[in-house]
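Here's the structure we're looking at; comments come further down.
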Amino acid sequence: WQEVTCSAPWATRGGHTSVAHDGKIWILGGANSTDGKMNDVWHSSDGLDWTEATGAAPWSARTSHASVAFNGKLWVLGGAEGTSSYVRTHDVWSSTDGLHWTEEVASASWSTRYGHASTVSDGKMWVLGGYDGGAKSDVWSSTDGIHWTQATAAAPWAARLYHRAVAH
């Protein structure tokens with residue numbers, strides 16, 4: 001490992017997402033104790049020089065959401081919004097450039113949640129587990145971000161949140 005920079009211009013944060021899209025690394029949302037929840041979007045082609053695509057995307061400031069790069073777009077899936085508590089969401093947003101966003105659906109078929117994992121496999125976006133008032137082990141997929149199909153209500157793994165998923 002080599003440290004590329006110790007002072008990226010975006011605020012320190014946790015609960016954000018990062019994806020690779022269009023030859024760039026993208027940082028989306030998150031939260032910290034100074035700024036609270038955020039809805040900014042940053043990108044870099046080298047990890048050293050960063051550009052803010054927007055300081056205020058139209059999706060609500062949030063943390064513990066999920067994101068993927070799929071079909072030439074960035075996607076933001078659910079998460080926790082609200083100024084002092086975790087209000088769960090299940091909205092789905094997409095963007096080709098990180099600046100212009102489209103709300104694909106305000107209420108996806110999966111329950112409001114945060115701390116869920118997402119990945120892309122078999123020509124679909126996948127949402128796995130998370131927290132909707134209790135830990136989940138359900139699995140959902142979509143080819144368009146609008147129509148979601150439940151693959152299972154209870155996967156054989158224990159219900160969980162704040163986990164990650166990758167397609168390999």
Side-chain angles (χ1 to χ4, degrees), residues 13-21 26-32 35-43 53-167:
R13 66 193 64 208
H16 59 288
T17 56
S18 59
V19 299
H21 165 70
W26 294 80
I27 303 289
L28 303 104
N32 68 31
D35 302 308
K37 294 178 183 80
M38 297 174 263
N39 58 343
D40 56 345
V41 178
W42 292 81
H43 62 82
T54 181
W59 37 269
S60 59
R62 63 188 64 199
T63 186
S64 304
H65 52 291
S67 294
V68 295
F70 177 70
N71 280 353
K73 297 178 182 179
L74 297 163
W75 295 81
V76 171
L77 313 165
E81 62 183 11
T83 56
S84 62
S85 63
Y86 278 19
V87 177
R88 299 179 307 269
T89 65
H90 59 154
D91 52 348
V92 176
W93 293 80
S94 72
S95 174
T96 57
D97 62 6
L99 174 60
H100 303 96
W101 290 86
T102 300
E103 185 177 38
E104 301 294 346
V105 65
S107 299
S109 302
W110 34 273
S111 59
T112 60
R113 65 186 63 200
Y114 60 81
H116 49 296
S118 62
T119 192
V120 172
S121 180
D122 196 28
K124 301 173 187 170
M125 292 181 282
W126 295 84
V127 168
L128 303 94
Y131 181 83
D132 73 349
K136 304 290 290 182
S137 64
D138 58 346
V139 178
W140 295 80
S141 70
S142 175
T143 58
D144 63 8
I146 300 168
H147 304 96
W148 291 84
T149 302
Q150 188 174 48
T152 183
W157 36 266
R160 63 193 63 199
L161 61 152
Y162 299 122
H163 57 292
R164 301 297 173 254
V166 296

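For clarity, every value in this text was computed on a predicted model and none was experimentally measured. Any value given below was found using the heavy atoms of this structure, including those in side chains, with hydrogens, waters and symmetry copies removed.
Closest approach of Ser67 to Leu28, counting heavy atoms only: OG-CD1, 4.2 Å. The shortest heavy-atom contact between Lys37 and Ala61 is O-CB, 3.3 Å. Considering every non-hydrogen atom in both Val87 and Gly82, the closest pair reads CG2-CA, 4.4 Å. Taking every heavy atom of both residues into account, Gly145 and Val92 meet most closely at O-CG1, 3.5 Å. Closest of all the heavy-atom pairs between Gly130 and Leu161 is C-CB, 3.8 Å. Counting all heavy atoms, side chain and backbone alike, Ala167 lies closest to Ser121 at CB-CB, 3.9 Å.
Between Trp59 and Trp101, the ring planes are perpendicular. Angles over 60° get that label, and only those under 30° would be called parallel. Ring geometry, Trp110 versus His90: the interplanar angle exceeds 60°, so the pair is classed perpendicular (tilted spans 30 to 60°).
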Query raised in the report: Between Val139 and Trp126, does a side chain to side chain contact (heavy atoms under 4.5 Å, CB included) hold up when you go through it step by step?
Result: CA-CA 7 Å; Val139 178; Trp126 295 84; 3.5 Å; yes
**Report entry** Working for side chain to side chain contact (heavy atoms under 4.5 Å, CB included), residues Trp148 and Met125
**Finding:** CA-CA 9 Å; Trp148 291 84; Met125 292 181 282; 4.1 Å; yes
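Residue Leu128 forms a side chain to side chain contact (heavy atoms under 4.5 Å, CB included) with just one option from His163, Arg164, Arg160, and that option is His163. None of His43, Met38, Arg13 except one satisfies the side chain to side chain contact (heavy atoms under 4.5 Å, CB included) rule with Ile27; the exception is Arg13.
Atom CD of Glu103 and atom CD1 of Ile146 lie 10.5 Å apart (nearest 0.5 Å). From Glu81, atom CD reaches atom CZ of Arg88 across 11.5 Å, with rounding to the nearest 0.5 Å. In this structure, Ser64 OG and Tyr86 OH are separated by 4.5 Å, a value rounded to the nearest 0.5 Å. The structure places CH2 of Trp93 at 8.0 Å from CZ of Arg62, a figure rounded to the nearest 0.5 Å.
At a threshold of 4.5 Å between non-hydrogen side-chain atoms, the residues Val41 and Trp26 count as touching.
Every pair passing salt bridge (Lys or Arg N to Asp or Glu O under 4.0 Å) that includes a residue from residues 125-151 is listed here, sequence neighbours excluded: Arg113-Asp138, Asp132-Lys136.
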Contacts table for residues 69-80: side-chain donor-acceptor under 3.5 angstrom, sequence neighbours left out:
| unit_1 | atom_1 | unit_2 | atom_2 | d |
| --- | --- | --- | --- | --- |
| Trp75 | NE1 | Phe70 | O | 2.9 |

